Amino acid sequence: NDAVVLGIGLHLGRSTRVPGSEGEGVEKSIDLLARVTAGEEVPVPEKVAVIGGGNVAMDIARTMARLQKQKYGRVGVTVTALEDFDHFLADTEEVTESVEEEIEIFDARGPQEVVRFKSGKNKGKVKGLKTWKVSSIFDDQGRFAPQYDPADEMVHPAEMVIEAIGQAADVSLLGDDLTEALEWARGRIAADVNGRTSEPWLWAAGDAVHG
């Protein structure tokens, strides 16, 4: 072809990469929601901790809460978000309805570690989510650089931790050479107002460019 347009979207979940976040018991919200939508069975533990304060975080929290209600007759979902309630990313009605569905929301909490059992029959399994109080999210230049108060620590009991902190494009199809050649902007494909990338034959559009 003379030209190619990429419209590959953002269908991979981002990871916090905090200690303990790799391995069994830690899920990406986008993956779980896709499986639920497809009618697949998903794990439903009695206690779930969700990391994130956007609409997707509320979506997966409410989804898990309903599954818990069906299975156990009660809800055990905790949501932890970097933002305080005055600056929450999720729509107000999403937050209100989450609380109505018995979901516990902690604002201004930053994830520090997915705590796992160190011994016994549950060794390696998720035990909870450790968070610190957020003192600021952005630096003086407005760049994303969260700061925490380690003296204000909480461990939220959980058998599963769900990361709902944003989405990323699957750019593996580009290959190493093209990935290296392209210009990028904050993890997304850089394109001008007409969608042209730094490669003259390649255009990109949609969420993979704009987020």
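For the single chain, residues carry numbers from 1 onward in sequence order. Since this is a predicted model, take the numbers as computed values, not measurements.
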A.B. asks: Does Asp149 use its side chain to pair, donor to acceptor, with the backbone of Ala151 at less than 3.5 Å?
C.D. replies: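 Yes, because the side chain of Asp149 sits within donor-acceptor range (under 3.5 Å) of the backbone of Ala151.
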
A.B. asks: Quick check for you: to the nearest 0.5 Å, what is the distance between Glu153 atom CD and Lys130 atom NZ?
C.D. replies: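 So the gap between those two atoms works out to 4.5 Å.
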
A.B. asks: Looking only at heavy atoms, which two atoms of Asp107 and Glu83 are closest? And how far apart?
C.D. replies: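 Taking Asp107 first and Glu83 second, the nearest heavy atoms are CB-O, 3.4 Å.
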
A.B. asks: Going through the checks in order, is the side chain to side chain contact (heavy atoms under 4.5 Å, CB included) test met by Ile103 and Val50?
C.D. replies: CA-CA 10 Å; Ile103 294 165; Val50 177; over 6 Å; no

A.B. asks: Within this structure, what is the CG-CD1 distance for the pair Asn55 and Ile60, rounded to the nearest 0.5 Å?
C.D. replies: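 Rounded to the nearest 0.5 Å, the CG-CD1 separation comes out at 13.5 Å.
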
A.B. asks: Nearest heavy-atom pair of Gly124 and Arg116: which atoms, and what distance?
C.D. replies: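 Smallest interatomic distance, heavy atoms only, reads O-NH1, 2.8 Å.
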
A.B. asks: How far apart are the closest heavy atoms of Val48 and Pro45, and which atoms are they?
C.D. replies: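 Taking every non-hydrogen atom into account, CG2-CG, 3.8 Å.
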
A.B. asks: Nearest heavy-atom pair of Leu129 and Pro111: which atoms, and what distance?
C.D. replies: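 Smallest interatomic distance, heavy atoms only, reads CD1-CB, 4.2 Å.
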
A.B. asks: Is any side-chain heavy atom of Glu27 closer than 4.5 Å to one of Met160?
C.D. replies: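 A side-chain contact exists here, since the closest heavy-atom pair is under 4.5 Å.
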
A.B. asks: Report yes if the side chains of Glu159 and Glu46 come closer than 4.5 Å at any heavy-atom pair, otherwise no.
C.D. replies: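 SC-SC contact between Glu159 and Glu46 confirmed.
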
A.B. asks: For residues Leu10 and Ala169, report the shortest heavy-atom separation together with the two atoms involved.
C.D. replies: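 Taking every non-hydrogen atom into account, CD2-N, 3.3 Å.
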
A.B. asks: Would you say NZ of Lys47 has more than 12 non-hydrogen atoms from neighbouring residues, nucleotides or ligands within 6.0 angstrom?
C.D. replies: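 Not more than 12 within 6.0 Å, no.
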
A.B. asks: Side chains of Ser98 and Ile105: closer than 4.5 Å at any heavy-atom pair?
C.D. replies: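 Yes - at least one pair of side-chain heavy atoms lies under 4.5 Å apart.
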
A.B. asks: Any side-chain donor-acceptor pair under 3.5 Å between Arg109 and Thr80?
C.D. replies: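 No donor-acceptor contact under 3.5 Å links the two side chains.
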
A.B. asks: Do Glu97 and Arg62 make a side-chain contact, defined as non-hydrogen atoms from C-beta onward lying under 4.5 Å apart?
C.D. replies: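 Result yes, sub-4.5 Å side-chain heavy-atom pair found.
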
A.B. asks: When rounded to the nearest 0.5 angstrom, what is the spacing between CG in Asp31 and CD in Glu163?
C.D. replies: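 If I round to the nearest 0.5 Å, the distance is 10.5 Å.
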
A.B. asks: If I compare all heavy atoms of Asn122 with all of Phe117, which pair ends up nearest, and what's the gap?
C.D. replies: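 It is O-CB, 3.2 Å.
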
A.B. asks: Closer than 3.5 angstrom, by distance alone: can the side chain of Asn1 be matched with the main-chain N or O of Val4 as a donor-acceptor pair?
C.D. replies: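 No, the answer is negative, given that no donor and acceptor are paired below the 3.5 Å cut-off.
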
A.B. asks: Under the side-chain contact (heavy atoms from CB on, under 4.5 Å) rule, collect the residues that match up with Ala190, sequence neighbours excluded.
C.D. replies: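 Partners of Ala190 under the side-chain contact (heavy atoms from CB on, under 4.5 Å) test: Glu183, Ala185.
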
A.B. asks: Look at atom CG of Asp192 and say whether more than 12 heavy atoms of other residues, nucleotides or ligands are closer to it than 6.0 Å.
C.D. replies: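 Atom CG in Asp192 is crowded, with more than 12 foreign heavy atoms closer than 6.0 Å.
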
A.B. asks: Any salt bridge linking Lys125 with Glu24? Criterion: basic side-chain nitrogen under 4.0 Å from a carboxylate oxygen.
C.D. replies: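 Judged by the 4.0 Å cut-off on N to carboxylate O distance, Lys125 and Glu24 do not form a salt bridge.
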
A.B. asks: Looking at Glu93, I'd like to know if its CD atom is crowded, meaning that more than 12 non-hydrogen atoms belonging to other residues, nucleotides or ligands lie closer than 6.0 Å.
C.D. replies: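 Atom CD in Glu93 is packed in, count exceeds 12.
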
A.B. asks: Show your working on side chain to side chain contact (heavy atoms under 4.5 Å, CB included) between Arg74 and Gln68 and close with a plain yes or no.
C.D. replies: CA-CA 6 Å; Arg74 60 184 181 278; Gln68 287 176 332; over 6 Å; no

A.B. asks: Do Val126 and Val44 land in one hydrophobic cluster if side-chain heavy atoms of ILVMFWY residues count as linked below 4.5 Å?
C.D. replies: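 Result: no, two separate clusters.
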
A.B. asks: State, with a plain yes or no, whether a side-chain heavy atom of Lys69 is found less than 4.5 Å away from one of Glu102.
C.D. replies: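 Heavy-atom side-chain distance check passes, below 4.5 Å.
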
A.B. asks: Is there a path of hydrophobic side-chain contacts, each under 4.5 Å between heavy atoms of I, L, V, M, F, W or Y residues, that connects Ile30 with Val171?
C.D. replies: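 No.
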
A.B. asks: Can you get from Met154 to Phe85 by hopping between Ile, Leu, Val, Met, Phe, Trp and Tyr side chains that sit under 4.5 Å apart?
C.D. replies: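 Hydrophobic grouping puts Met154 apart from Phe85.
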
A.B. asks: Is there side-chain contact between Asp152 and Thr131, with at least one heavy-atom pair below 4.5 Å?
C.D. replies: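 Heavy-atom side-chain distance check fails, nothing below 4.5 Å.
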
A.B. asks: Counting heavy atoms not belonging to Glu22, are there more than 12 under 6.0 Å from its CD?
C.D. replies: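 Counting neighbours around CD of Glu22, 12 or fewer heavy atoms of other residues, nucleotides or ligands fall under 6.0 Å, so no.
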
A.B. asks: Side chains of Phe106 and Lys133, heavy atoms from C-beta outward: is any pair under 4.5 Å?
C.D. replies: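 A side-chain contact under 4.5 Å is absent here.
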
A.B. asks: Can you measure from CE (Met64) to CG (Leu32) and round to the nearest 0.5 angstrom?
C.D. replies: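 Between atom CE of Met64 and atom CG of Leu32 there are 6.0 Å.
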
A.B. asks: Carefully, step by step, assess Asp170 and Ile8 under the rule side chain to side chain contact (heavy atoms under 4.5 Å, CB included).
C.D. replies: CA-CA 7 Å; Asp170 180 1; Ile8 55 177; over 6 Å; no

A.B. asks: Using 0.5 Å steps for rounding, measure from the CG atom of Leu178 to the CG atom of Leu182.
C.D. replies: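 Atom-to-atom, Leu178:CG and Leu182:CG are 4.0 Å apart.
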
A.B. asks: Report yes or no: does Asp84 contribute a side-chain atom to a donor-acceptor pair with the main-chain N or O of His87 at less than 3.5 Å?
C.D. replies: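 Judged by distance alone, yes, a pair lies under 3.5 Å.
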
A.B. asks: If you group Ile, Leu, Val, Met, Phe, Trp and Tyr whenever their side-chain heavy atoms sit less than 4.5 Å apart, what else falls in with Tyr148?
C.D. replies: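 Cluster partners of Tyr148: Leu82, Trp132, Val134, Ile137, Phe138, Phe144.
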
A.B. asks: Are the side chains of Ile162 and Ile51 in contact, using a 4.5 Å heavy-atom criterion?
C.D. replies: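 Contact flag for Ile51/Ile162 side chains = no.
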
A.B. asks: Taking atom types as modelled, find out whether Gln147 and Ser136 have a side-chain donor-acceptor pair closer than 3.5 angstrom.
C.D. replies: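 Side chains of Gln147 and Ser136: no pair found under 3.5 Å.
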
A.B. asks: Going by the side chain to side chain donor-acceptor pair (under 3.5 Å) test, which pairs reach into residues 195-211, not counting sequence neighbours?
C.D. replies: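 Qualifying pairs, neighbours excluded: none.
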
